[in-house]
Amino acid sequence: MRNKVIINRQSIVLPWMISYIVILLLPVAIGLLLYVESNRTLKEEIQQANDSLLKQVREVMDNQFKAMEQLNFELTWNVNMQELLYSNKYDAYPKEYRYDLYQIARSLTLYQTSYPLIDSFYVYLNKDQSVILPATVRTSSFAYDTLHKSDEFSYTSWQSTLNRSNFKGFIPMYRIGSENKLLKTVAYISTYPTEHDNPVATNVIMVDQSRILGAIQNMEIFNKGHVLILNEENQILASNSTSKLPSGFPFEQLANKAQFYYTGSDGEKYEVFNIQSPRSKLKYVSIMPSTIYWQKAAHVRNLTYISMAISLLGGGILTYIFLRRNYNPVRRLVHAFSMKQNNASHQRFNEFHFIQEAVDRTLIEVADSKTKMEQQRRIVRSHFIEKLLKGKLNSQIPIHEALTTFEMKLDRLDYAVMLFVVDKNETFTERITHLSEEESWKFLQFIVMNVVEELLAGQHRGYAAEIDDTLACLVNLTTDNGRSSKEELLRIAEEAQTFLSATYNIHLTIAISSIHEQLADIPQAFLEALDSMAFKMVMGGREILAYDDLQTTIISETNTGYDYPQQVEQQFLYTLKLGELAEAQQILSDIMHRNFECRDISVSLAKCLMLGLITTMMKSISETGDIQESFFIRNPQLIDRLLGSKTVQEMQKQLNDMLAQVCTYTAAKRQITISQTRQKAMQQLVEEVSTFIEHNYTDANLNVTMIGSHFDRKATYLSKLFKDYAGEGLLDRINKVRINKSKQLLRQQEQSVGDAAYGVGFNDINAFIRVFKKVEGITPGKYKELADK
């Protein structure tokens with residue numbers, strides 16, 4: 001069994017194992033979540049610290065660069081410098097140029113004292129290739145040799161840098177220091193307005209890189225990576241690292257991203273942060289290896305992984321131990337049940353489901369046995385009650401023994417039978433859509449039978465059964481409460497109707513027999529209840545029918561018959577033949593009112609009246625058209641449905657539906673007959689007019705007015721009738737006949753055009769030619785020529 005459970009995928013072992021694993025993974029997942037959150041927090045803190053340090057560097061450096069820009073401003077707008085560069089006095093006094101030049105050099109010493117953070121500065125004059133330094137003036141070549149001479153920065157590069165047009169910005173340069181050492185420096189180059197495509201002069205202000213990097217060296221985190229200051233052209237102005245920048249660095253991303261990752265050619269991953277100076281347009285960039293940032297995070301990650309591994313290993317061992325321990329009782333219980341069910345031991349199953357099914361199967365078998373026994377007892381008792389009501393009991397079995405067998409007691413004085421017919425149950429069935437139609441009907445019967453038996457059980461005895469789609473109840477009455485037995489039955493019927501209607505939307509018609517005092521009279525009581533229920537079709541709205549109340553009415557009807565005199569039938573027949581539905585419905589309503597509301601007739605007379613009305617309808621169809629076309633012949637179920645109606649209202653509805661079909665048919669037939677008669681009259685009139693034209697075409701006075709007078713009709717109306725039927729007007733027909741006759745005359749050689757015109761009734765030969773050409777398309781003369789050929 002244990003080996004089988006391990007292989008079986010549907011075993012409870014698998015859900016238990018999954019549950020244990022889920023419980024085990026919950027703290028692991030929480031730990032992983034905490035690790036991810038702490039990792040994110042650490043990352044944010046490192047990024048914020050780096051950004052803060054970088055902003056601090058920017059603030060220090062911006063102050064330094066601001067001093068360079070300020071010195072450049074003072075040099076540019078120095079009065080003596082402006083006069084030297086843009087004054088015209090040297091054209092008249094050329095000797096003063098050198099004097100002013102040295103005066104400016106002496107004044108620059110004051111700037112050197114005012115700006116101690118500036119390492120060196122000078123003004124390059126393009127006009128005479130000279131350089132103005134504090135306290136001295138040198139030629140350009142000599143100045144280069146003493147200030148910048150090096151392999152990294154040639155004289156040509158220096159010249160091209162100073163001669164850039166309209167340039168103002170920071171660039172990297174080299175200069176020779178006081179100890180004759182070559183130093184990296186950041187130079188602020190600012191050119192004066194150009195003259196002959198070259199600047200008049202250029203200011204050069206330099207700050208050594210060592211001075212700039214002094215602030216960075218104090219920040220420990222930056223000493224482990226690269227800190228760069230870039231100009232607008234992404235040239236490195238200053239760097240804290242002597243090592244080369246990783247190759248392929250994406251300078252273009254600096255303009256779009258304040259932070260991004262970058263992998264160098266050596267495969268190491270770097271984190272890049274950059275900010276820009278809002279005033280100097282310089283970029284401050286830090287490039288740090290990711291390993292420097294994530295040393296602490298890696299330590300936390302390793303601890304997290306180790307704790308997860310320990311949790312999984314220990315949890316897995318405990319899961320196996322507890323799983324095996326908890327499964328043993330279940331395995332023994334399954335084995336005990338499977339011993340009783342040999343087929344279950346060879347199937348794949350879930351142990352709990354197997355146990356549950358085994359228990360449920362046992363309980364269901366017990367419940368089924370009880371239900372079947374109860375159903376059989378109710379069915380047999382229902383058959384006994386049916387035979388008792390119909391008087392078909394087996395005479396060999398004493399009735400008292402049968403009553404004892406079915407736990408029935410009929411020990412009261414009076415007996416009666418109540419029949420129950422369901423009138424409306426649509427609302428009830430809509431509420432139990434989960435049941436089939438047959439099951440819904442059985443459920444409804446069960447409710448009615450239980451309610452009636454419950455109402456009778458208080459003071460009387462009642463036993464209900466289903467007989468031919470009708471619910472019957474044998475009632476054994478007690479009359480000790482001061483009311484008569486009939487009044488007690490009416491009270492019970494009203495209570496049953498009210499309760500079922502209000503609670504379940506079940507509407508009943510109840511028939512009650514008269515009261516009998518002998519058990520042997522029960523079959524007679526059942527027949528009386530059936531007769532009372534049959535009267536339901538006539539009474540319609542009455543829902544409680546007592547046999548005693550109906551006897552006087554039935555006796556009074558036997559000599560009266562129904563009210564459907566011959567003159568009413570003739571009037572009804574006439575309206576049906578004309579298809580006048582409203583009048584026919586009014587007559588039918590009057591007939592129903594006189595027979596069912598002003599008087600009471602029996603069921604048999606009511607059916608005779610229905611047959612008489614149907615006969616009248618069939619007469620109207622046979623007198624209007626062919627009787628074989630009647631829908632009564634094609635649909636005989638219409639009559640069956642009418643005669644099967646249970647109420648007067650239902651019967652009248654069926655008659656109204658038939659009436660509408662009859663009137664529709666007869667009205668259509670009448671319209672067809674009228675149309676055929678009118679068509680025939682029109683054809684005869686057109687033929688007579690055509691004959692009159694054929695006989696009188698030679699008369700010159702023949703026209704539409706003459707024809708109208710002859711036929712005693714208005715000329716325009718006659719012409720319209722003729723055109724509607726024949727498709728052409730009277731005048732066109734006259735001209736057509738005359739032209740056809742004239743063609744016969746023109747084909748005779750002795751006849752001229754004039755003779756032909758006068759011979760067919762034209763007084764004007766020109767009118768004849770015009771009409772002839774309109775009809776034939778050619779002139780009569782041309783027609784005669786063609787005829788002669």
Side-chain angles (χ1 to χ4, degrees), residues 374 376-421 445-468 470-500 506 508-535 543-551:
E374 181 65 22
Q376 292 296 329
R377 191 184 71 82
R378 292 181 65 88
I379 291 172
V380 174
R381 193 182 80 163
S382 179
H383 289 168
F384 171 75
I385 294 173
E386 179 180 0
K387 291 182 178 181
L388 179 61
L389 293 175
K390 292 183 177 182
K392 297 181 179 179
L393 288 176
N394 188 349
S395 57
Q396 296 179 358
I397 301 176
I399 188 171
H400 296 289
E401 293 183 7
L403 292 174
T404 303
T405 302
F406 296 113
E407 298 179 357
M408 296 173 59
K409 294 182 179 180
L410 299 177
D411 52 358
R412 308 297 168 89
L413 298 178
D414 296 333
Y415 299 92
V417 175
M418 301 175 70
L419 293 182
F420 302 88
V421 175
Q445 288 180 333
F446 175 79
I447 292 174
V448 175
M449 291 168 64
N450 278 273
V451 169
V452 173
E453 289 182 354
E454 186 69 22
L455 290 174
L456 290 169
Q459 301 176 2
H460 316 284
R461 303 192 187 282
Y463 305 98
E466 179 187 0
I467 302 176
D468 301 330
T470 303
L471 296 178
C473 183
L474 173 61
V475 183
N476 191 204
L477 293 161
T478 301
T479 57
D480 297 338
N481 53 8
R483 284 192 293 262
S484 65
S485 297
K486 178 181 177 181
E487 291 174 348
E488 190 67 14
L489 289 174
L490 291 174
R491 181 189 65 79
I492 294 171
E494 289 177 358
E495 289 184 4
Q497 277 188 336
T498 303
F499 177 79
L500 291 171
I506 299 175
L508 300 176
T509 295
I510 304 175
I512 302 173
S513 69
S514 59
I515 306 301
H516 296 270
E517 298 179 354
Q518 299 293 330
L519 185 62
D521 295 334
I522 290 178
Q524 178 61 33
F526 177 66
L527 294 177
E528 293 173 355
L530 287 177
D531 290 342
S532 300
M533 188 61 70
F535 197 75
E543 296 179 340
I544 299 178
L545 307 172
Y547 180 79
D548 294 339
D549 295 338
L550 301 177
Q551 291 306 304

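Keep in mind that what you see is a predicted model, and the values were worked out from it rather than measured. Along the sequence shown, residues are numbered consecutively beginning with 1.
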Partner residues of [X] under the side-chain contact (heavy atoms from CB on, under 4.5 Å) criterion, sequence neighbours left out:
X: Leu519; value: Ile399, Leu410, Tyr415, Ile522
X: Ala525; value: Val417, Ser513, His516
X: Thr404; value: none
X: Ala493; value: Met418, Ile510, Ile512, Ile544

Gap separating the [atom1] atom of [X] from the [atom2] atom of [Y], nearest 0.5 angstrom:
X: Ser382; Y: Gln445; atom1: OG; atom2: CD; answer: 9.0 Å
X: Leu500; Y: Phe420; atom1: CG; atom2: CZ; answer: 9.0 Å
X: Ile385; Y: Phe526; atom1: CD1; atom2: CZ; answer: 12.0 Å

Arg491 with Glu487: basic N within carboxylate O range, under 4.0 Å: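 No, no charged N to carboxylate O under 4.0 Å.
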
Exactly one of Leu530, Leu471, Leu508 should register a side chain to side chain contact (heavy atoms under 4.5 Å, CB included) with Leu419. Which one does?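 Output: one option passes, namely Leu530.
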
If we ignore hydrogens and angles and just use 3.5 Å, is the side chain of Glu528 paired with the main-chain N or O of Ser514 as donor and acceptor?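 Pair found, side chain donor or acceptor close to backbone of Ser514.
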
Tell me every residue that passes salt bridge (charged side-chain N to carboxylate O under 4.0 Å, His left out) with Glu453, counting only those two or more places apart in sequence or in another chain.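 Result, salt bridge (charged side-chain N to carboxylate O under 4.0 Å, His left out) vs Glu453: Arg381.
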
Test of understanding: with salt bridge (charged side-chain N to carboxylate O under 4.0 Å, His left out), list the residues that count as partners of Lys387, not counting sequence neighbours.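 Expected list: none.
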
Is there a side-chain contact between [X] and [Y] in this structure, where contact means two heavy atoms from C-beta onward sitting under 4.5 Å apart?
X: Leu477; Y: Arg412; value: no
X: Lys409; Y: Asn476; value: no
X: Tyr463; Y: Leu388; value: no

With sequence neighbours left out, what residues match [X] under side chain to side chain donor-acceptor pair (under 3.5 Å)?
X: Glu494; result: none
X: Glu454; result: none
X: Gln497; result: none
X: Asp414; result: Ser485

Looking only at side chains, do Thr478 and Gln459 share a donor and an acceptor under 3.5 Å apart?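 No pair is found: no donor N or O on one side chain lies under 3.5 Å from an acceptor on the other.
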
What residues form a ring pair (Phe, Tyr, Trp, His ring centres under 6.0 Å) with Phe384, not counting sequence neighbours?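 Expected list: Phe406.
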
Heavy-atom pair with the smallest gap, counting every atom of Ile467 and Ala472: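 Nearest heavy atoms, Ile467 then Ala472: CD1-CB, 3.8 Å.
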
Looking at Ala546 and Lys486, what are the two nearest heavy atoms and their distance?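 Nearest heavy atoms, Ala546 then Lys486: CB-CE, 4.3 Å.
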
With side-chain contact (heavy atoms from CB on, under 4.5 Å) as the test, would you mind laying out the steps for Leu489 and Ile515 before giving the verdict? CA-CA 10 Å; Leu489 289 174; Ile515 306 301; 3.5 Å; yes

